[in-house]
A.B. asks: 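Dropping a structure here in structure tokens format, bear with me for questions.
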Amino acid sequence: MTDAALAARIAATVHDVPDFPQPGVLFKDITPLLREPDVFGDVVGEWARRFRGQVDVVAGIEARGFMFGAPLALALGVGFVPVRKAGKLPGSTHQVSYELEYGSATIEVHTDAIGPGDRVLVVDDVLATGGTARATCRLLEATGASLTAFVVVVELAFLAGRAALDGHVVDALLTVE
């Protein structure tokens, strides 16, 4: 399948939700895509094709990154690591606090989840302003890992989130201008 054909299939399943989670925000809801096994499978399959043999672990950003990251890790035959909001993981964690479009947040990962030299593929559903994405990259790099790429289903190019990931490979299956 061509990149354009996959992008069109994704666009047909992603819904706009106005004024969510706050007035003035147009939320891109990927949950309808998850109800379409052929499209969902094509998303995971395309990333597996692009990154096979290049990663040691897939890291998914809470929560929608989990939905794509876990099956992608299985398809690649590598482990999956959740990047969670603070206080959600038991045991010792690495943490990073950051600002985002609606306030501030802290994310964390287990200290033993990713090691120095691990090649990590980071997965999320949407790249918007890039605050969470940048914080995730900082968090994982602090473990000594090497980021192979940051992949998303949808990139909102008009919010310039890619600029927050300067120096990292960003792979978006659908870009909304």
Side-chain angles (χ1 to χ4, degrees), residues 1-22 24-85 88 100-102 105 107 109 119-137 140 147-165 168-177:
M1 173 179 315
T2 66
D3 290 351
L6 181 55
R9 293 182 73 207
I10 292 167
T13 62
V14 173
H15 295 171
D16 290 345
V17 180
D19 298 320
F20 183 83
Q22 66 184 33
V25 173
L26 182 62
F27 184 80
K28 295 292 185 182
D29 182 14
I30 57 87
T31 58
L33 182 153
L34 300 171
R35 289 191 310 260
E36 300 294 333
D38 291 342
V39 181
F40 188 18
D42 286 344
V43 166
V44 172
E46 180 59 21
W47 282 332
R49 183 189 68 75
R50 291 181 187 187
F51 295 100
R52 188 168 315 283
Q54 299 178 45
V55 301
D56 302 308
V57 65
V58 172
I61 299 174
E62 187 168 335
R64 290 175 299 274
F66 297 176
M67 296 174 201
F68 294 97
L72 177 57
L74 286 174
L76 291 170
V78 301
F80 174 76
V81 171
V83 176
R84 305 248 13 222
K85 296 174 183 166
K88 302 286 185 175
L100 54 109
E101 52 271 31
Y102 320 121
I107 55 173
V109 65
R119 299 171 301 164
V120 182
L121 181 62
V122 182
V123 180
D124 205 1
D125 64 332
V126 176
L127 176 60
T129 62
T132 302
R134 180 178 51 240
T136 300
C137 292
L140 298 175
L147 271 61
T148 300
F150 189 94
V151 298
V152 292
V153 179
V154 179
E155 176 184 5
L156 305 178
F158 59 93
L159 293 176
R162 188 178 286 255
L165 297 172
H168 293 94
V169 173
V170 177
D171 186 284
L173 297 177
L174 171 64
T175 300
V176 177
E177 300 293 335

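Small disclaimer: the values here were computed from a predicted structure and weren't measured. For the numbers below, each heavy atom of this structure counts, side chains included, while hydrogens, waters and symmetry mates do not.
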A.B. asks: Looking only at heavy atoms, which two atoms of Val78 and Val55 are closest? And how far apart?
C.D. replies: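 In this case the closest contact between Val78 and Val55 is CG1-O, 3.5 Å.
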
A.B. asks: Could you tell me which non-hydrogen atom of Phe66 sits nearest to which non-hydrogen atom of Gly60, and how far apart they are?
C.D. replies: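 Answer, listing the atom of Phe66 first, then Gly60: CE2-O, 3.2 Å.
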
A.B. asks: Provide the closest heavy-atom pair for Leu165 versus Cys137 in the form atom of the first, atom of the second, distance.
C.D. replies: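 For Leu165 versus Cys137, the nearest heavy atoms are CD2-SG, 3.7 Å.
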
A.B. asks: Can you find a pair of side-chain heavy atoms, one from Val151 and one from Phe51, that are under 4.5 Å apart?
C.D. replies: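 In short, these two side chains touch, coming nearer than 4.5 Å.
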
A.B. asks: Keeping to residues at least two apart or across chains, list the side chain to side chain donor-acceptor pair (under 3.5 Å) pairs with something in residues 63-83.
C.D. replies: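 Non-adjacent pairs meeting side chain to side chain donor-acceptor pair (under 3.5 Å): Arg64-Asp125.
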
A.B. asks: Is the backbone of Gly161 close enough, under 3.5 Å, to the side chain of Arg134 for a donor and an acceptor to pair up by distance?
C.D. replies: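 Flag not set: sc Arg134 to bb Gly161 has no pair under 3.5 Å.
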
A.B. asks: Taking side chain as C-beta onward, heavy atoms only, is Val176 less than 4.5 Å from Glu155?
C.D. replies: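 They are not in side-chain contact.
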
A.B. asks: Check Val122 against Leu147 and note the closest heavy-atom contact, atom names and distance.
C.D. replies: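 Reported closest heavy-atom pair: CG2-CD2, 4.1 Å.
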
A.B. asks: Under the side-chain contact (heavy atoms from CB on, under 4.5 Å) criterion, do Leu34 and Phe68 qualify, and how do the steps go?
C.D. replies: CA-CA 9 Å; Leu34 300 171; Phe68 294 97; 3.8 Å; yes

A.B. asks: Only counting residues at least two apart or in another chain, list the ones meeting side chain to side chain contact (heavy atoms under 4.5 Å, CB included) with Arg50.
C.D. replies: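 Partners of Arg50 under the side chain to side chain contact (heavy atoms under 4.5 Å, CB included) test: Asp3, Glu46, Asp171, Leu173.
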
A.B. asks: Is there a side-chain contact between Val126 and Val14 in this structure, where contact means two heavy atoms from C-beta onward sitting under 4.5 Å apart?
C.D. replies: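 They are not in side-chain contact.
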
A.B. asks: Stepwise, does the side-chain contact (heavy atoms from CB on, under 4.5 Å) test hold for Trp47 with Val153?
C.D. replies: CA-CA 10 Å; Trp47 282 332; Val153 179; 3.7 Å; yes

A.B. asks: Measure across Ala75 and Val44 and return the closest heavy-atom pair with its distance rounded to 0.1 Å.
C.D. replies: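 Looks like CB-CG1, 4.2 Å.
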
A.B. asks: What distance separates Met67 CE from Asp124 CG, expressed to the nearest 0.5 Å?
C.D. replies: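 These two atoms lie 10.5 Å from each other.
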
A.B. asks: Sequence neighbours left out, what passes salt bridge (charged side-chain N to carboxylate O under 4.0 Å, His left out) with Asp19? Give chain and number order.
C.D. replies: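 Once residues adjacent in sequence are excluded, Asp19 has no partner under the salt bridge (charged side-chain N to carboxylate O under 4.0 Å, His left out) criterion.
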
A.B. asks: Return the set of residues passing salt bridge (charged side-chain N to carboxylate O under 4.0 Å, His left out) with Arg35 (not counting sequence neighbours), or none when no residue passes.
C.D. replies: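 Residues passing salt bridge (charged side-chain N to carboxylate O under 4.0 Å, His left out) with Arg35: none at all.
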
A.B. asks: Carefully, step by step, assess Leu140 and Phe150 under the rule side-chain contact (heavy atoms from CB on, under 4.5 Å).
C.D. replies: CA-CA 12 Å; Leu140 298 175; Phe150 189 94; over 6 Å; no

A.B. asks: Mind checking the OG1-CZ spacing from Thr175 to Phe158? Nearest 0.5 Å is all I need.
C.D. replies: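 One finds 11.5 Å between OG1 of Thr175 and CZ of Phe158.
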
A.B. asks: Determine the minimum heavy-atom distance between Ala5 and Thr2, stating which atoms define it.
C.D. replies: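 Minimum heavy-atom contact is N-OG1, 3.0 Å.
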
A.B. asks: Could you list the residues that satisfy side chain to side chain contact (heavy atoms under 4.5 Å, CB included) with Asp38, not counting sequence neighbours?
C.D. replies: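 Scan of Asp38 (side chain to side chain contact (heavy atoms under 4.5 Å, CB included), adjacent residues dropped) gives Arg9.
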
A.B. asks: Roughly how far, to the nearest 0.5 Å, is CG of Asp16 from CG of Leu26?
C.D. replies: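 One finds 4.0 Å between CG of Leu26 and CG of Asp16.
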
A.B. asks: As an exercise, state the distance from CG of Leu156 to CG of Leu127, rounded to the nearest 0.5 Å.
C.D. replies: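 Here the interatomic distance stands at 7.5 Å.
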
A.B. asks: side-chain contact (heavy atoms from CB on, under 4.5 Å) for Thr148 and Val169? Distances and angles first, verdict last.
C.D. replies: CA-CA 7 Å; Thr148 300; Val169 173; over 6 Å; no

A.B. asks: Listed by chain and number, what are the side chain to side chain donor-acceptor pair (under 3.5 Å) partners of Arg84, not counting sequence neighbours?
C.D. replies: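 Expected list: Glu62.
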
A.B. asks: Enter the distance from Leu174:CG to Leu33:CG here, rounded to the nearest 0.5 Å.
C.D. replies: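 The CG atom of Leu33 is 10.0 Å from CG of Leu174, to the nearest 0.5 Å.
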
